[in-house]
Amino acid sequence: MDKKLLIQDIYPLTPIQQGILFHTLSEPGSGLYFVQSCCRLSGDIDAQAFKRAWQAVVDHHPVLRT
C-alpha cells in the first residue's frame with residue numbers, strides 16, 4: 001500500500017531548525033531550546049471547543065507541525 005505523502009514529510013528545516021535538531025540530538029534531555037508558552041484564560045470556557053479549535057489551526061497549517 002502506498003503511503004500518502006504529506007507536506008511535513010518533505011518540508012525542509014530552516015538553518016536554525018537544523019541547529020536546534022543538531023543540539024537536541026547531541027545532548028538529549030538537556031532542555032536546550034525547549035520553549036513553552038503559557039496563557040491564562042479567564043471566564044467561562046468550553047474546554048472541548050477550545051481544544052478542537054486549536055487542533056483545527058494545527059491541522060490547517062503544516063508549518064505548525066514541523
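Here the structure is a predicted model, which is why all the values come from computation and not from measurement.
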Pairing residues for Asp44 by the side chain to side chain donor-acceptor pair (under 3.5 Å) criterion, not counting sequence neighbours: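 So Asp44 forms no side chain to side chain donor-acceptor pair (under 3.5 Å) with any residue.
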
Side chain to side chain donor-acceptor pair (under 3.5 Å) against Gln48, all qualifying residues, sequence neighbours excluded: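 Checked Gln48 against side chain to side chain donor-acceptor pair (under 3.5 Å); zero matches.
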
Can you list everything that forms a side chain to side chain contact (heavy atoms under 4.5 Å, CB included) with [X]? Sequence neighbours excluded, please.
{"X": "Ala53", "value": "none"}
{"X": "Leu25", "value": "Leu21"}
{"X": "Ser42", "value": "none"}

Answer with yes or no whether the hydrophobic clustering places Phe22 together with Ile16; edges join I, L, V, M, F, W, Y residues whose side-chain heavy atoms lie under 4.5 Å apart. no

Which pair of non-hydrogen atoms, one from Leu64 and one from Val58, has the smallest distance, and what is that distance?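 Residues Leu64 and Val58, closest heavy atoms: CD1-CA, 4.2 Å.
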
Selection residues 54-63 - residue pairs positive for side-chain hydrogen bond (donor to acceptor under 3.5 Å, both in side chains), sequence neighbours left out: Gln55-Asp59

